[in-house]
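Counting starts at 1 for both ligands and their atoms, in listed order. FYI, side chains are in, hydrogens and waters are out, and symmetry mates aren't considered; it's all heavy atoms of this structure. We're numbering straight along the sequence, starting at 1. Quick caveat, the model's predicted, so the values are computed rather than measured.
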Amino acid sequence: MDSIAKFKIPEPIQKERTPFYYYDLDLLNHTLATAKKEADKYNFIIHYAVKANANDRILKIIRHHGIDADCVSGNEIKKVIEIGFDPEGIVYAGVGKTDWEIELAMETNIFCFNCESIAEIKVINSLAGKAGKTVNIALRINPNFRAGAHEYITTGVEENKFGIHPGELEIIMDTLALCPNLKFVGLHFHIGSQITDLNTFKRLCIRVNQIQEWFHNHQIIVNHINVGGGFGVDYNDPDNHPVSDFPNYFKLFNRFLDIGPGQKVHFELGRSLVAQCGSLITKVLYIKKGINTKFAIVDAGMTDLIRPALYQAYHKIENFTSTGKQEYYTIVGPICESSDTFGKYILLPETNRNDLLCIRSAGAYGETMASRYNLRDLPRALYSDNL
Ligand code: LLP
């Protein structure tokens, strides 16, 4: 059995102080070029979900590929403007937009607010009135079906806080008629994250078509359909599937979504654009023998990558250094929490102090979700061209 990990990072980078994120920029560029090319075939517009990774270098590269931005906070809007994203390509979502964030988005002249409640619509109308502006809004509709890998990242069901229930459309449109400072431009959906079964997106298309019917029957023009993000990646086998199946993903929307003349279709992709290009590199501090378990205690913790602790998410873990006999290890960090575990009973070559481990597919929701709990330093980022 081949015990040497296929994936490697350049030697000079292996000597850097750990833990750090390592980004393979060739893979990032390749992923972005593939997604953009496939979306362009149908004139689909991609807005990158900044929450997945807001690292400056990554954002600059994304912008370089002509991709727009999807923001969920005032600071994300500030950041993408600073990086050079086009304000007219920014969509802004979130159930809890504060007044300063709404004002900032208006001053920035973003393309569109994705609105999630009647209360929010009224506040945006009033703030727009004060600023003497008319702003574009899209309604985030909750399509009410279950999708996504974990209940915490499922967003499209009735009992969660996101979106407007389709049964409320009548009252929402009546409210909008009384909002002179708002211009209704379209509909927004987002059903969840890490969705790998394309059939789920087919169901979304069918649901969007049904909802569009309602607008059609009420003679309301829907210029923009934003189907959100959620497209998953292969966490189990990143080497064989470094890029998600963008050709079939976009083809499916083109086939199943009823797209009217002049109507624009938007996507908000996060994970599928950045997950596979990033890895968290960490060093083994100690091997500790438990009763039934051998722990490899590493210098990265849940403060650097919280996904395994928060969602029991699987990330492939590899040992760069050792080629010894395979054994099972539970990989844990130094944080004072039992959930600070990256993987249980992971088969690795015999692992020793100072071995370098690589936690794969960590480019999305890794660095952005890092914290300073235990007053730890935030993880650094290094790049494949930092040689
Ligand atoms: N649009 C909206 C409205 C969203 O809420 C999200 C993600 C996206 C787009 C981008 O979704 P993506 O293409 O990345 O699946 N921290 C979790 C994921 C949370 C996703 C939140 N919303 C994780 O680490 O799995």
Point to revise | Identified side chain to side chain contact (heavy atoms under 4.5 Å, CB included) partner of Glu38 from the options Tyr249, Phe44, Phe250 | key: Phe250
Check your understanding: Ignoring hydrogens and geometry, is there a side-chain-to-backbone donor-acceptor pair from Tyr21 to Asp304 under 3.5 Å?
Key -> yes
Check your understanding: Do the ring planes of Tyr23 and Tyr383 sit parallel (below 30°), tilted (30 to 60°) or perpendicular (above 60°)?
Key -> parallel
Point to revise | Polar proximity ligand 1 side, Gly230 side, N/O cut 3.5 Å exclusive | key: yes
Check your understanding: Got an N/O contact under 3.5 Å between Ser272 and ligand 1?
Key -> no
Check your understanding: Can you list every pair that meets side chain to side chain donor-acceptor pair (under 3.5 Å) and has a residue in residues 273-292, with sequence neighbours left out?
Key -> Gln276-Ser361, Thr282-Asp299
**Study point:** His218 side chain vs Trp214 backbone, donor-acceptor pair below 3.5 Å
**Key:** yes
Exercise for review: Identify, by atom number and element, the atoms of ligand 1 in contact range of Met369, meaning under 4.0 Å from any of its heavy atoms.
Suggested key: 16 (N)
Review point. Would one find an N or O of Arg271, backbone or side chain, under 3.5 Å from an N or O of ligand 1?
Key: yes
Check your understanding: In ligand 1, which numbered atoms sit nearer than 4.0 Å to a non-hydrogen atom of Gly229?
Key -> 9 (C), 13 (O)
**Study point:** Nearest candidate to atom 17 (C) of ligand 1, where distance is taken over non-hydrogen atoms, out of Phe162, Tyr311, Phe189
**Key:** Tyr311
Review point. Mind checking what makes salt bridge (Lys or Arg N to Asp or Glu O under 4.0 Å) contact with Arg353, not counting sequence neighbours?
Key: none
Check your understanding: Would you say Gly270 has any N or O atom under 3.5 Å from an N or O of ligand 1, going by distance alone?
Key -> yes
Check your understanding: Should you measure from each heavy atom of Asp70, which atoms of ligand 1 turn up under 4.0 Å away?
Key -> 1 (N), 9 (C)
Review point. Between the side chains of Lys130 and Asn181, is a donor N or O closer than 3.5 angstrom to an acceptor N or O?
Key: no
Revision key, fill the gap. Under 4.0 Å between heavy atoms, the region of Glu268 that gets near ligand 1 turns out to be both
Exercise for review: Select one of side chain, backbone, both or neither to describe which atoms of Ala49 lie under 4.0 Å from any atom of ligand 1, heavy atoms only.
Suggested key: side chain
Review point. Is the shortest side-chain N to carboxylate O distance from Asp40 to Lys36 below 4.0 Å?
Key: yes
Practice item. Pick whichever of Arg307, Arg140, Gln194 has a heavy atom sitting closest to atom 25 (O) of ligand 1. Key: Arg307
